[in-house]
Each structure stands twice: as C-alpha cells, then as structure tokens.
Visitor: 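Before we start, here is the structure in question, set down as structure tokens.
Just so it is clear, the values below take in all heavy atoms, side chains as well, and ignore hydrogens, waters and symmetry mates.
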Amino acid sequence: MTNRRAFIHDFGLIVVASALPTRLFAQAAAGEPRKIGFLMPLTGGAGKLGSMMLEGASLAVDEVNSSGGAGGRPVQIVQEDSQAVAQQGVAGFRKLVDVDKTAVIITGWTAVVSAIAPLASQSKTMLISASTASPAMRGISPYFQSSWMFDDETVKLILPYAKDKLGVKGLAVLTVVSDLGTALAEAVKKDWQRVGGTLAGEEVHQQAETNFRPILLKLLTSKPDAVYLTSPIGRQLAQVVRQARELGYKGIFLSYGAFEDPEVAALGQQADGCYYSSPSFDATGATGAGKVFVDAYQKKYGRLPNVHQANHYDLIYLYKRAADALAKDKKDVDGATLKDYLSANVAQYQGAAGLYRFNYKDGSVLRSSIVKAVQGGKFVKIADLG
Amino acid sequence: MEYVLHIATIAGIFAILALALDLLVGYGGMISLAAAVFFGIGAYGSALLTKGGMSPTAAMIAGMAASTAISMLIALPAIRVRGIYLLIVTIAVQVVFTIVLQNWRSVTGGDAGISNIAPYSIFGVPLRGPLFTVFVWVSCVAWWGILLWVVRSPFGQVLQALRDDEIGAVSLGKDVVTTKLVAFAVSSAVSAFAGALYAHYSTYVDPHTFNITVSIAVLLMVMLGGAGTLSGAVLGAIVLTLLPEVLKFLPLPPGAAAPLRQLTYGALLVVVVFLRPQGLLGRGATPTPGG
Amino acid sequence: MEQQLALFLNLLIDGISTGCLYALIAIGFSLLWWLADIVHLAHGGVIIAAGYAGHVLISRFAAPLWAACGVALVIAVVLGLSIQRGAYQKLRSQGTGEMGMLTASLGVLICMEYGLAIAFGPEGIQLDAGSARTPLLAGSGLVVDAYTVAVIATTAATFIALIVLMRVTQFGKNMRAVAENHDLANVVGIRVNRVVLGASMLASAVGVPAAVVFLYGRGLQPSDAIHIVLTAAIVAIFGGRGSIIGALIAGLFIGVAESVMVWFFDAGWREAITFSLLYVLLLVRPEGLLGKSPR
C-alpha cells in the first residue's frame with residue numbers, strides 16, 4: 001500500500017535535511033507520523049504488565065521524536081487492548097491494520113499471537129514481540145519475530161545453576177494449566193533429569209487461581225529443596241510465594257523472567273530465596289546503553305525500570321534502526337521491507353537490555369542471560385549465565 | 001473496509017446466537033447462561049471434524065446434533081426447576097464446559113485451542129470476505145424466518161403458555177416435558193450453527209472465546225433488544241457488537257480508556273432497564289418467567 | 001502414613017477456613033433472595049468495594065484494623081442501600097420482571113467492577129497478615145495459625161448474631177414474615193419495603209468480614225466480583241432457601257470439599273467436580289440441604 005504523496009514528501013525532506021548541518025536537524029521530527037501498533041493487554045489480569053511495557057516503549061518514542069524521528073518522521077504508538085484473548089486480539093489487529101494502517105505491531109501473549117499470526121502473514125504486517133514465550137510460537141509466521149527467549153530455552157539456563165551452585169536436589173514443579181505452562185513443565189522435568197536431579201513432585205493449578213494453600217500443602221509434603229513456578233503472572237507468583245511462606249516453606253523458588261514484577265518485590269523478606277534467569281538487564285548495576293535507559297526512565301517516571309520496560313524500549317529503537325536505514329535507501333517502511341531489512345542486516349543487536357542474537361528462520365532469539373534474585377525488595381544480579 | 005466487514009460478520013453470527021437464546025428465554029421463559037456452550041460445541045465440532053477431512057457442511061450438521069444431545073443435560077433438570085435454580089444449572093454446565101475445553105488437551109488442544117481452520121465452503125467453493133458476510137446474514141434471516149414459524153406454530157403457543165402460566169398449561173393437559181426438551185434442542189442446534197460459522201471465519205478457536213462472559217453478553221443482547229420478539233434479539237446483537245467498537249473511537253485518556261469503556265457498557269445496561277425495561281423492541285411489561 | 005494424615009488434616013483445616021469465607025459471602029446474598037426474590041448480583045461489587053475501603057485506610061492512613069472495618073462497614077451499607085432503593089425498588093415499582101432485575105443488577109456489578117479498576121487500577125490489593133500467620137502448633141505438622149482461628153471465630157460470631165436477630169428481635173420476626181409471604185405481612189401491618197431496606201443493610205454489613213478475610217488471605221481484584229457472587233449463589237442454593245444454618249453448612253461443605261479434593265484429584269479438575277456435584281444436587285434435591293420447597 002504505497003502512498004506516493006507521502007513518499008515524495010519524505011524524499012524531499014531527506015534531500016533537504018541531508019543538505020543541512022546536523023546541528024540544525026536535532027530538533028523535533030516533522031511530517032506525517034509513522035504509526036506503530038501496540039496490541040497488548042491493557043485491562044484484565046495481564047493489564048498491568050501490558051501497561052508497564054507500554055511505558056518502556058513510550059519513553060523510547062519520546063526520545064526518538066525529539067532527536068529526528070525514525071526515518072525522518074516522528075513515531076506514534078497506536079494502542080489497542082487485546083485483553084490477552086484471541087477475539088479482542090483479532091478485532092484490535094483488524095482496526096490497527098485496516099483503519100490505522102500500521103505496518104508493524106508490537107504484540108504478545110500466546111492466545112493473541114496464535115490468532116493474528118496467520119492474518120499478519122496475509123496482510124504482510126510485521127509482528128514484533130517481547131512478551132511471547134511459548135515454544136509453540138516458533139515458526140508460526142515469517143512476519144513474527146520475538147525478542148524474548150522462548151521458555152524451553154530459558155529453562156535450560158537456570159536448572160544447572162540451581163543444581164550446582166544452589167545445592168538443589170529435589171525439585172517440585174507447580175504447573176499452570178495452559179499451553180505455556182505445560183510446555184514449560186515438560187521442559188523443566190526433562191532438563192532436570194538430564195542434569196541428574198530428582199523430581200520431588202508436581203501439582204497443577206488453574207490460570208485464575210488465587211488460593212494455592214491446598215495445592216501447596218500437598219506439594220510440600222515431599223519436602224522439596226526448590227519449587228519451579230510456571231505462571232507468567234507476577235501477581236500470581238507473589239501469591240504463591242507468600243502463601244507458601246505462610247505455610248512454613250523455607251526453601252527456594254525458581255522461575256523465569258516473570259518473577260521481575262513489583263508485586264513480587266513488595267513481598268519483602270518473604271521473597272528472599274526467589275531465583276530466576278533473565279535477559280541480562282540489571283537496573284541497579286546497569287552500564288553503558290543500559291544505564292542511559294535506566295537514568296532516562298527514572299527521570300520520567302520516578303522509579304527504577306524492569307526488564308519488560310527495557311525490552312520494549314529496545315523494540316522501538318530496533319524499529320528506528322531499520323526505518324532509518326530504509327528511509328536512507330529511499331524505501332518505504334512497511335511490514336515486508338522491515339522484515340527483509342532485519343533478516344538481512346540485524347543478526348545481532350546490542351540494546352539497553354543486553355545482547356540479542358536473532359534467528360529469523362523461526363522467529364526466536366537468544367539473549368545474554370543472568371541469574372537474578374529478589375533481595376530486600378529489589379531485583380539483583382547474582383551471576384552470569386552466558 | 002475489512003474492518004467494517006469484520007464487525008458485520010461478527011454481528012451476524014451473534015444475531016443467530018441471540019435468536020436461538022430468545023426462543024428459550026423470551027418465548028420459553030427459561031433463563032440460560034449456557035449459550036456459549038452450544039456455540040462452542042458447534043465451533044469445536046467444525047474445527048475438529050473439518051481438520052479430520054469432513055466437509056464443512058457435514059461437520060456443521062454433526063456439531064448441531066452433538067449440541068442437541070448435550071442440551072439435554074440442561075433440559076432434563078429444567079423440567080423440574082426454574083428461575084434462579086435453572087440459572088445456576090446453566091452456569092454449572094457452562095463452567096464445566098470451559099474447564100473441559102481447557103483440560104482435555106488431547107482432543108481440544110487445551111488452552112492453545114485449534115488454529116488454521118479452513119474457511120467455510122459449499123460444494124468445494126470457499127466462501128471468503130464479503131461473500132462469507134453475505135452468507136452469514138442470509139443464514140441469519142433464514143433462521144429468523146424458521147423461528148418465527150416455530151413460535152407461531154401450536155408448539156410455540158404451548159411454549160409461551162408454559163412461560164406465562166405453567167400450572168395452568170399442565171392442567172389443560174399440555175405436554176410440558178416434550179415442549180421443554182424440544183425448545184432446548186432447537187435452541188442449541190441453532191447456536192451450534194452459529195458456532196460453526198464462527199470457527200470457519202476466525203480460523204482459530206480457544207476456550208476463552210466460549211466462556212461465561214460470552215453467555216452473559218448474548219443474554220444481554222436478548223434483554224436489550226427485547227425478549228420474546230426475535231427482531232429484538234437481532235437488534236440487540238447488532239447494538240452490543242457495535243457499541244464496544246464505537247466506544248474505541250472516542251477520545252479517552254489512555255490507561256483509563258479500556259476500563260472506562262467497559263464501565264460505560266455497564267451503565268448503559270442499567271439505563272436501558274430503567275428507561276425501557278421491556279427492551280428496545282419489546283411490548284409492554286416483560287412476562288415474568290418462571291411464574 | 002503419619003505424613004498423609006497430617007496432610008489430610010491440614011487440608012481439612014484449610015477447607016474450613018475457606019468454607020467460613022464462603023458462608024459469609026453467601027448469607028448476605030441469601031437474605032435478599034429469601035425476602036424479596038432479588039438476585040443481588042451486585043453483592044459481589046459491594047464486598048470488593050468494602051475491601052478496597054479497608055485497604056485504603058490501612059495502607060494509606062495506617063489506621064488500626066477496627067477503624068478500617070468501621071469505615072468499610074459504612075461504605076458497604078451505604079452502597080447496599082443505594083442499590084436497593086435507587087435500583088431494585090425503583091424498578092420493582094415500575095413493574096420490571098425477573099430478567100430486567102437481573103440485567104440491572106449485572107449492569108450495576110459491571111459499573112462497580114470497572115469503577116474500582118479505574119480508581120485503583122486492575123491489579124488488585126492484598127494485605128499481609130504478618131505475625132498472625134505463624135503456626136500455633138509448631139512441630140506438630142499441623143498448620144494452624146491465629147489467623148485461621150480468627151476467621152472461624154468471626155464467622156461463628158456473625159452467624160450466632162444473625163440467628164439471634166432472626167429469632168428474638170422484632171426486626172428479625174418481621175423479616176421472617178416477609179420471607180414467608182409478602183402480602184400477608186402487608187396485611188398484618190409490616191412495612192415490607194422498610195424491612196427489605198433493613199435486610200439489604202444487614203446483607204451488606206455481613207459482607208464486610210468476608211472482604212477482610214479476602215484482603216488478608218488471597219487478595220482482591222475488581223475482576224473477582226462476579227466470581228464472588230457466583231460462589232455466594234451456589235452456596236445459597238446448596239444450603240436451601242430460608243435457612244441460615246443451611247448457608248453455613250453449605251459454605252463449610254463446599255469449602256472443605258474443594259480443599260480435600262486436592263488430595264484425590266488433579267487441581268485442574270477441582271472446579272469441574274464442584275459444579276458437577278451442584279448439578280447432581282439440583283437434579284435430586286433442588287430445595288438444597290435445609291430449605292423449604294422451591295418457589
């Protein structure tokens with residue numbers, strides 16, 4: 001869907017702009033904005049997480065717009081609330097593509113991505129995500145690219161660490177009934193066996209569960225050294241940890257990135273002993289590009305950012321990189337050109353949240369990872385994982 | 001344009017669902033919050049059977065048959081209980097249905113659902129885009145006509161007599177049991193038809209699309225439009241499909257936008273009940289179902 | 001075997017605690033159902049609002065528990081009364097039928113749920129019971145803490161108070177008369193509307209202890225509203241129409257069943273089993289455990 005008038009307008013702008021000294025160009029970008037869709041849960045159980053991610057992206061958009069824009073034009077985020085369910089995801093997608101004419105959409109959550117991926121393939125809309133972790137999304141569409149590691153890979157990172165460095169022998173697994181939870185539990189059990197640990201038990205819970213006490217009572221009778229939690233919702237993880245501590249459990253909790261949530265931090269002392277693998281973003285000990293981001297975020301919002309905000313900040317800058325290059329080559333920035341550019345030129349990317357190694361063949365990514373723990377209400381880096 | 005077609009198609013599918021529920025609730029006086037169960041049976045039935053090689057029409061009919069069979073689970077208690085008791089029975093069936101969909105992973109695919117469902121086709125000709133939207137609305141009008149004939153038939157008269165005065169109807173020798181069973185059978189079959197259409201349209205089904213929230217929405221469509229009028233059900237479906245979409249275009253502060261929309265939705269329901277309790281197209285005071 | 005016995009007893013204790021909570025949310029709902037045939041779906045919203053009120057006082061103003069409960073009580077009663085007078089009674093006098101009332105109640109519930117979400121955010125609230133959670137019988141393998149004892153004691157006190165109210169006071173007698181037969185009560189000179197208003201105040205008040213238990217136990221979020229009132233309705237039906245003791249027994253039964261079932265079944269199927277039991281009950285004995293014949 002080429003808009004010739006806009007194209008010529010951009011072309012003209014760039015010609016003029018390249019003739020000017022760079023100093024003069026460092027002002028707010030002008031012209032018709034480039035729209036980026038943001039199809040995420042903004043209400044409902046996952047609403048808080050989606051809103052947090054929006055904060056990271058918004059900060060990046062502000063910065064980008066005050067320093068020349070992406071490909072010479074300002075960037076504008078168009079939000080649609082997916083509520084993390086397929087039906088809303090599809091309606092939101094339709095509106096973003098047909099009405100708002102967005103070429104790229106930041107999205108996430110398995111139910112939504114499963115439903116819109118085939119539609120995105122048809123309309124050639126690029127879907128980028130830092131919030132989809134289910135291994136079932138591998139290769140779902142050539143137009144889907146994740147910047148968050150699929151969980152079957154993250155799982156393999158923390159388990160050897162737990163066995164060797166934390167001295168865990170018996171591991172219990174608390175599986176959430178969902179596509180993600182089951183895939184994750186399988187990966188955990190298989191890999192735990194591979195590193196030579198014993199499985200102390202497994203219990204299952206529904207997605208909307210808030211009372212874990214009976215399930216925990218049963219799970220804890222086998223006295224595990226650690227419990228692996230599969231839920232992706234920070235609030236739910238906080239519930240489990242709190243209730244387990246109230247029941248007298250003094251052992252370790254293991255998980256993946258979902259632990260990094262303000263609700264878990266708010267548990268205070270009860271959250272000591274929660275370890276998780278995470279992309280190498282550490283708000284308290286950030287350096288380089290990470291520190292620039294942390295400072296800017298703290299200035300705007302008055303608190304420390306977490307890995308989710310960092311991820312979405314990086315997504316916007318990734319887009320900018322591609323848009324700048326495409327505009328320089330006088331190409332349109334749409335789903336297909338973005339996809340082609342990224343696959344050909346951005347095998348690796350260094351962002352505020354660490355190093356990304358993209359695999360465009362199946363939409364997956366490998367991230368430099370670290371072990372973090374919750375200590376004194378903060379998320380602290382413990383060790384590198386590679 | 002695609003966006004408009006999308007809304008039109010969804011409205012049409014829900015209009016069929018609402019028509020089916022109106023037969024039970026408006027004409028039969030039997031409150032049900034299990035509309036999504038039969039919607040879901042039709043949808044999952046089509047998804048599974050067409051993936052297994054059956055033609056979409058055959059799969060649709062199979063889904064409707066399965067739906068009728070399962071509807072007996074509600075129909076049988078409905079013979080004995082009514083009002084809030086029947087409501088709870090329907091809720092129980094609805095909740096168990098959602099749990100089965102989520103946990104019976106080997107058949108239903110669990111939470112991930114079933115994706116990549118082929119578009120609906122007749123005699124091998126796939127119906128896509130505007131053609132499918134037309135098909136949906138033609139079906140809707142067809143079912144409207146059929147149900148109109150049903151409620152005007154002797155069966156329909158007995159059904160409404162049961163709604164208004166069950167004891168009186170029984171004393172006149174009317175067959176309560178068969179009437180109720182048939183009403184549930186017809187309602188669930190039509191709902192399953194809508195489900196099949198939905199599966200082929202969205203190409204993806206998952207448990208969340210067929211949970212109690214959807215059942216509540218369909219009941220509200222019937223109530224809003226006017227229970228016991230059939231045309232009210234269709235109007236209610238159109239209004240309640242359009243409403244959230246229209247509200248999306250209002251300039252609201254981000255963050256508060258989404259819950260504010262839902263709140264407006266709730267407020268509108270209350271306002272309608274106050275200003276026009278018989279619904280938009282209903283006539284006079286609503287009959288009191290359950291006697 | 002000792003370990004298994006301990007697990008069973010712990011599940012039982014946890015079940016009783018949950019059951020008390022269920023009984024508390026159910027009795028408020030039941031009262032309005034018995035007296036005025038009102039399916040008070042908005043009751044869930046009232047309970048959550050009370051919870052938020054208490055939370056604000058405790059976390060933002062560092063108020064002591066009794067003060068927070070007092071404010072929550074006032075807010076709950078005011079809300080319950082407004083809904084009763086402003087919605088139900090108005091609609092009844094307009095001649096609105098059963099389904100219109102249901103729709104209106106649902107509409108009010110949705111407004112309350114999202115109103116709270118806008119004011120406080122959707123993520124929910126939780127308070128820490130702190131030292132009340134330390135096990136009392138440490139070393140025995142049994143998990144009993146001061147919190148559990150407090151929950152059971154509060155529930156017992158509430159139900160005893162309700163029963164006394166119903167038996168002994170004039171207001172209670174009036175309520176029973178209205179529940180029995182509106183028209184007859186009118187004839188005898190009882191101001192039916194007044195009694196129903198009083199009952200709705202009572203219903204809201206009884207929801208406050210439940211809100212507090214939620215707050216310290218599993219937390220509250222606006223989206224819990226419909227689930228809470230659904231549980232209340234199920235317990236109410238299970239217990240039977242018109243029986244306070246029935247509601248208590250039903251609540252305990254369902255709470256214990258949910259908890260102990262974990263011993264036998266995968267947690268995933270638990271809810272399905274509860275609802276299936278309910279279904280069977282409604283087929284076999286629709287009047288519930290201790291109720292009179294269904295209307």
Visitor: Report yes or no: does C/Asn10 contribute a side-chain atom to a donor-acceptor pair with the main-chain N or O of C/Ala6 at less than 3.5 Å?
Guide: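 Indeed, once roles are kept as given, a pair shorter than 3.5 Å links the two residues.
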
Visitor: For C/Asp14, is it the side chain, the backbone, both, or neither that has a heavy atom closer than 4.5 Å to a heavy atom of chain A?
Guide: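 Looking at C/Asp14, just its side chain touches chain A.
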
Visitor: When heavy-atom pairs shorter than 4.5 Å are enumerated against chain A, which of C/Pro222, C/Gly124, C/Gly15 gives the highest number?
Guide: C/Gly124

Visitor: Could you tell me whether the side chain of C/Arg218 and the main chain of A/Asn211 form a donor-acceptor pair under 3.5 Å?
Guide: no

Visitor: Need one label for A/Glu246: side chain, backbone, both or neither, based on atoms under 4.5 Å from any heavy atom in chain C.
Guide: both

Visitor: Would you say the ring centroid of C/Phe253 lies under 6.0 angstrom from that of C/Phe238?
Guide: yes

Visitor: Check whether C/Ser17 gets within reach of chain A through its side chain, its backbone, both or neither, counting any heavy atom under 4.5 Å.
Guide: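 Contact with chain A involves no heavy atom of C/Ser17 at all.
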
Visitor: Between C/Leu220 and chain A, which part of the residue has a heavy atom less than 4.5 Å away: side chain, backbone, both or neither?
Guide: backbone

Visitor: Checking side-chain contact (heavy atoms from CB on, under 4.5 Å) against A/Leu229, which of A/Leu184, A/Val173, A/Leu174 comes through?
Guide: A/Leu174

Visitor: Would you mind checking which part of A/Glu263 comes under 4.5 Å of any heavy atom in chain C, side chain (CB onward), backbone (N, CA, C, O), both or neither?
Guide: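 Contact with chain C involves the side chain of A/Glu263 alone.
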
Visitor: Examine distances only and state if a side-chain atom of A/Glu202 and a backbone atom of A/Thr175 form a donor-acceptor pair shorter than 3.5 Å.
Guide: no

Visitor: Between A/Gln243, A/Arg242, A/Gln270, which has the largest tally of heavy atom pairs under 4.5 Å with chain C?
Guide: A/Arg242

Visitor: Angle between ring planes, A/Phe212 versus A/His205, binned at 30° and 60°: parallel, tilted or perpendicular?
Guide: perpendicular

